[in-house]
Amino acid sequence: MCLAIPAKIIEINNQMANVEVGGVSRQASVILLPDASPGNYVLMHAGFAISLVDEEEALETIKLFEQLAAGQ
Amino acid sequence: MSLPFLDEFRQGAHLRALMEKLNERAGELARPVRIMEVCGTHTMAISRHGIRQALPESIQLISGPGCPVCVTANADIDRFLEISLIPGVIVTTFGDMLRVPGTRMGLAQARGNGAQVQIVYSTLDALKIARENPDAAVVFFGVGFETTAPTVAATMIEAHENGIDNFLVLSAHKVVPPALEALCNTPGLAVDAFLCPGHVSAIIGPEAYEPVADAFGIPCVIAGFEPADILQSMIMICDQMTSGRAEVELQYTRGVRPGGNPAAMAIMQKVFQPADAEWRGLGTIPASGLAIREEFSAHDAAQRYDVDVSYSREPAGCLCGAILTGIKTPRDCPLFDKGCTPDHPIGPCMVSSEGACSAYHQYEI
Ligand code: SF4
């Protein structure tokens with residue numbers, strides 16, 4: 001039930017965002033995430049954006065996996 | 001690009017390397033460890049990807065109280081069912097709730113008895129139903145943790161500000177950190193480390209677990225939901241165990257910030273205040289629930305409808321309580337896959353897709 005899925009913000013109007021989830025366009029409220037702006041990836045839960053997805057941190061984590069795999 | 005970097009998180013080479021490292025680290029442990037995955041979404045991911053079975057012998061993963069539907073006490077479910085039968089009421093809820101058995105009936109049965117039940121994806125849909133049905137009282141069943149509670153709070157604020165007085169919430173929300181403390185104090189529970197919920201933490205921040213890590217000497221690692229995240233988190237736990245540390249560490253760095261989401265916390269705290277709450281399996285835990293503040297009492301279904309649920313009791317023979325505290329596993333339940341299946345669930349752990357019994361039934365038998 002705490003499932004949240006990554007969505008890309010396309011545009012924001014009046015605290016409602018048009019987001020893209022796997023090629024499908026949906027609506028999400030950004031009232032819980034005032035810093036969100038178009039182009040951001042966010043985690044979406046029950047119709048609300050609840051957290052920004054930090055792309056740099058994602059790359060860092062992947063880099064760690066890659067180093068690990070390269071070391072084998 | 002549909003989702004950022006999803007393929008990289010799922011790459012077989014990465015998973016194999018992580019598993020190998022986990023095996024290596026597990027070999028360095030002084031004794032076997034029991035790690036509790038607190039979150040139901042983790043339970044589902046772990047079951048679906050067969051992680052539990054693939055683990056080295058010295059690591060045991062046990063499911064915890066992190067399925068919100070499962071920990072909701074039958075008294076709260078019965079209260080919602082009673083309200084659903086009041087003429088002029090439309091009840092709204094997330095889909096998982098439809099088949100959860102209450103003491104006398106479930107929501108699907110209530111619907112058969114004339115209750116107006118609408119399944120919604122978001123509280124905003126429930127608010128829309130309230131707008132479109134001004135003559136009905138629209139009651140949303142607020143079940144969920146800190147991930148969900150701010151979404152309900154934001155909707156209540158919107159209803160309040162726009163004078164949508166027929167939108168009400170029955171709040172059975174719960175917060176996670178007090179439950180972890182209660183778990184640590186549960187006799188018979190031997191948990192060495194917590195795999196902490198990623199999306200609850202996105203709201204409350206990693207700091208919220210520090211009292212648990214400090215007071216009980218239990219490592220807490222906040223994990224993402226891909227198998228690679230879960231494996232890496234377990235490596236981090238092993239590292240803490242072998243070096244004698246008990247800290248809060250963040251593996252899910254792409255989803256969780258230090259300090260969490262202050263805007264969401266502020267909205268949640270504007271509407272809700274801490275209250276004692278009853279958890280299935282854990283009993284009443286001080287300050288673990290969220291009651292609706294006086295300012296929003298016009299939207300509080302518990303205040304508007306005084307229904308009698310003194311008859312409430314837990315389903316006979318069901319071990320959900322012990323399963324939610326990690327003392328038993330679904331396989332310990334004599335009813336598991338015998339009298340109790342997803343088609344004929346006896347307890348909530350078999351209904352919710354995040355429930356341990358349902359996850360084990362679907363993926364681990
Ligand atoms: S298998 Fe069914 S009866 Fe047994 S603990 Fe799980 S939900 Fe309860």
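Every chain is numbered from 1, with letters handed out A, B, ... down the list of sequences.
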Salt bridge or not for R254(B) and D229(B), using N-O below 4.0 Å? yes
Among K8(A), Q27(A), R26(A), side-chain hydrogen bond (donor to acceptor under 3.5 Å, both in side chains) partner for N18(A): Q27(A)
Check side-chain hydrogen bond (donor to acceptor under 3.5 Å, both in side chains) between N261(B) and all other residues, then give those that pass, not counting sequence neighbours. none
Please flag which part of L52(A) lies under 4.5 Å from any non-hydrogen atom of chain B: side chain, backbone, both or neither. both
Could you walk me through whether V69(B) and F94(B) pass the side chain to side chain contact (heavy atoms under 4.5 Å, CB included) check? CA-CA 10 Å; V69(B) 171; F94(B) 296 139; over 6 Å; no
List the steps and the verdict of side-chain hydrogen bond (donor to acceptor under 3.5 Å, both in side chains) for T92(B) and Q118(B). CA-CA 5 Å; T92(B) 55; Q118(B) 299 217 24; over 6 Å; no
Given heavy-atom pairs under 4.5 angstrom as the criterion, report whether the side chain, backbone, both or neither of F225(B) touches chain A. neither
Answer yes or no: is there an ion pair linking E57(A) with R257(B), defined by an N-O contact shorter than 4.0 Å? no
If you count heavy-atom pairs within less than 4.5 Å of chain A, which of A13(B), G255(B), C67(B), A202(B) leads? G255(B)
Checking heavy-atom separations under 4.5 Å from chain B, one finds in residues 30-39 of chain A I31(A), L32(A), L33(A), P34(A)
I'd like to know if the side chain of S47(B) reaches the main chain of M44(B), judged simply by a donor and an acceptor atom lying under 3.5 Å from each other, with no hydrogens or angles considered. no
Taking the inter-plane angle between the rings of F141(B) and F80(B) on a 0 to 90° scale, is it parallel (under 30°), tilted (30 to 60°) or perpendicular (over 60°)? parallel
Contacting region of E60(A) [heavy-atom separation from chain B under 4.5 Å]: neither
Need one label for E146(B): side chain, backbone, both or neither, based on atoms under 4.5 Å from any heavy atom in chain A. neither
